[in-house]
Amino acid sequence: ELAQIISDYKTPLVDAADRSAAVWCDYEVLPKVKAGFGGTVGYLQVDGSALNHNPNSAYYRGQLRMEWQATEKVSIKARGGYEYRNVQDASAKDPSDLVFGVDATWNAAERTKVSIGANRGRVASNAVGAALNNTTSFTLAVRQGLLSNFEFAVEGGYSLSEYSLSTPNVTAATLAQIRDDTYYFVKPTLAYKFAQ
């Protein structure tokens, strides 16, 4: 798996680019259970590193994952592991943390799906350049087929963002911005399938 996430914002927010590569190995333990392990190597590049003390960082993750078809209508996917991050600043402390993701889907009817999920991981902070954002989120989504090719969905959730400094070389104003943010969201979607 290869990924590149480019975050491009207007000033005073901070731009960043996150590039990663992951390798997974899966094994079918039982007819309805697959298990696997994998590793990820990534690099987070933050704009303004030299002037604003926004250090880049390399990170390494080891994770286990499982996919279980519990019943004909219920499937569960889970992954979890450990991340170590090397911050490119000689005076910075390298953080490490638990990362995980759990998703469960229930096919309630022929054209109705209900899913719940929980995720935790560390990402770039667009609000504070010299910080990392450890995000934990919980989601609930309902998808309903309409007519022949239309689908309506509503997704809602809760997210907690915990900011932590990635370097001690910051101004008092930057230090004052370190905080925890929480928010709730609701996202409706209408989709149309043009072809099978």
Side-chain angles (χ1 to χ4, degrees), residues 1-9 13-29 33-69 75-105 115-139 155 157-170 174 177-181:
E1 298 174 2
L2 301 175
Q4 175 172 274
I5 301 170
I6 299 173
S7 303
D8 188 15
Y9 296 96
L13 299 180
V14 180
D15 297 343
D18 193 332
R19 301 172 183 90
S20 64
V23 175
W24 290 93
C25 180
D26 292 312
Y27 181 74
E28 190 176 284
V29 181
V33 179
K34 293 179 184 176
F37 63 92
T40 303
V41 175
Y43 189 77
L44 173 63
Q45 183 177 345
V46 183
D47 279 6
S49 297
L51 297 175
N52 304 328
H53 302 292
N54 300 343
N56 301 328
S57 58
Y59 57 90
Y60 314 92
R61 285 188 204 124
Q63 294 187 83
L64 300 175
R65 71 180 181 184
M66 184 194 75
E67 184 175 336
W68 176 34
Q69 189 68 43
S75 62
I76 299 171
K77 295 180 182 179
R79 60 170 176 77
Y82 192 73
E83 177 188 278
Y84 169 76
R85 189 172 289 261
N86 175 238
V87 179
Q88 312 289 299
D89 185 326
S91 57
K93 181 181 178 183
D94 293 337
S96 56
D97 202 8
L98 176 71
V99 292
F100 68 82
V102 179
D103 295 288
T105 302
S115 58
I116 59 172
N119 287 280
R120 180 178 173 86
R122 197 180 299 268
V123 295
S125 165
N126 64 302
V128 186
L132 292 167
N133 175 359
N134 211 4
T135 300
T136 306
S137 61
F138 302 92
T139 58
E155 181 180 4
Y158 165 82
S159 180
L160 168 65
S161 295
E162 301 168 281
Y163 296 91
S164 60
L165 286 174
S166 54
T167 175
N169 300 320
V170 295
T174 300
Q177 294 182 60
I178 298 302
R179 63 193 187 275
D180 292 348
D181 288 342

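Quantities reported herein were computed from a predicted structural model and do not represent experimental measurements.
W24 places a side-chain heavy atom less than 4.5 Å from the side chain of R65. Y43 is listed as a side-chain neighbour of Q88, based on a closest heavy-atom distance under 4.5 Å. Looking at V14 and V46, their side chains come closer than 4.5 Å, going by heavy atoms from C-beta outward. Looking only at side-chain heavy atoms (C-beta outward), S159 and T135 come within less than 4.5 Å of each other. Counting only heavy atoms from C-beta outward, the side chains of S161 and Y163 approach each other to under 4.5 Å. The side-chain heavy atoms of V33 and M66, taken from C-beta on, include a pair separated by under 4.5 Å. When side chains are defined from C-beta on, S164 counts as touching R122, because their heavy atoms get closer than 4.5 Å.
Closest of all the heavy-atom pairs between V87 and K93 is CG2-O, 4.3 Å. Nearest heavy atom pair, residue G121 against residue N134, reads O-OD1, 3.2 Å. Among all heavy-atom pairs drawn from V99 and E83, the shortest one is CG1-CB, 4.1 Å. Minimum interatomic distance between G81 and L98 (heavy atoms only, all atoms of both residues): O-CD1, 3.1 Å. Summarising the geometry of L2 relative to A21, their closest heavy-atom pair is CD2-CB, 3.6 Å, with the distance given to 0.1 Å. Between G101 and N119, the shortest heavy-atom distance links the atoms CA-OD1, 3.4 Å.
If you check the side chains of S137 and Y158, you find no donor sitting under 3.5 Å from an acceptor. A side-chain donor from one of D94 and Y84 sits under 3.5 Å from a side-chain acceptor of the other.
Of the charged side-chain nitrogens involved, at least one lies within less than 4.0 Å of a carboxylate oxygen, so that E162 and R120 count as a salt-bridged pair.
In this structure, D89 contributes its side chain and P55 its backbone to no donor-acceptor pair below 3.5 Å. The main-chain N or O of L44 is never found under 3.5 Å from a side-chain atom of D18 such that the two would form a donor-acceptor pair.
Going from atom CD of Q69 over to atom OG1 of T105 covers 9.5 Å, rounded to the nearest 0.5 Å. For the atom pair I178 CD1 and S125 OG, the distance stands at 7.0 Å (nearest 0.5 Å). The CD atom of E155 lies 7.0 Å from the OG atom of S115; values are rounded to the nearest 0.5 Å. Note: D15 CG to I6 CD1 = 10.0 Å, rounded to the nearest 0.5 Å. To the nearest 0.5 angstrom, Q4 atom CD is 4.5 Å from R19 atom CZ. With values rounded to the nearest 0.5 angstrom, N126 atom CG is found 8.0 Å from N133 atom CG.
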side-chain hydrogen bond (donor to acceptor under 3.5 Å, both in side chains) between Y82 and S96, worked out: CA-CA 7 Å; Y82 192 73; S96 56; 2.6 Å; yes

D26 vs E67, side chain to side chain contact (heavy atoms under 4.5 Å, CB included): CA-CA, chis, key distance, verdict: CA-CA 10 Å; D26 292 312; E67 184 175 336; over 6 Å; no

Evaluation steps, side chain to side chain contact (heavy atoms under 4.5 Å, CB included), between S75 and W68: CA-CA 6 Å; S75 62; W68 176 34; over 6 Å; no

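Counting heavy-atom neighbours within 6.0 Å of I116 CD1, excluding the residue itself, gives a total of 12 or less.
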